[in-house]
Amino acid sequence: MVKTKTKIPRQKRKKFFSFNLTGAYKQLQIQEIPPWSLGTVKIPPSKFFQERLKRLQRHFDLRSCKESKKLLVDAFCEGVSEFS
């Protein structure tokens with residue numbers, strides 16, 4: 001089965017940054033994005049990273065706030081640096 005693209009008139013197109021999560025899901029006609037399945041060896045997160053993640057989740061919206069995502073990426077990078 002071949003999917004065909006529906007051409008959206010230029011005046012109705014929205015800019016990428018104007019979507020929020022709910023609007024993007026609606027536009028894509030999905031309800032959630034399934035987690036990725038990667039063929040890798042899992043390394044358990046350190047206790048330090050787990051505690052830091054809990055604090056970030058308690059105080060910040062890690063799903064939609066850009067600045068909060070930066071904090072999450074920083075925490076992840078620090079956690080990964082333990083294994084290099």
[X] [atom1] to [Y] [atom2] distance, which is reported to the nearest 0.5 Å:
| X | Y | atom1 | atom2 | answer |
| --- | --- | --- | --- | --- |
| E51 | S46 | CD | OG | 10.5 Å |
| L71 | R55 | CG | CZ | 11.5 Å |
| E32 | Y25 | CD | OH | 7.0 Å |
| T22 | K26 | OG1 | NZ | 10.0 Å |
| D61 | K69 | CG | NZ | 8.0 Å |
| L53 | R58 | CG | CZ | 10.5 Å |

inquiry  = For residues V73 and L56: do they belong to one hydrophobic cluster (side chain heavy atoms under 4.5 Å, members Ile, Leu, Val, Met, Phe, Trp, Tyr)?
reply    = no

Might you point out which heavy atoms bring [X] and [Y] nearest each other, and give the distance in Å?
| X | Y | value |
| --- | --- | --- |
| P45 | F49 | CB-CD2, 3.7 Å |
| Q27 | F19 | CB-CE2, 3.9 Å |
| L21 | R63 | CD2-NH2, 3.2 Å |
| F60 | S68 | CB-OG, 3.3 Å |

ask   = Within a reach of under 6.0 Å around CZ of F76, are more than 12 heavy atoms found that belong to other residues, nucleotides or ligands?
value = no

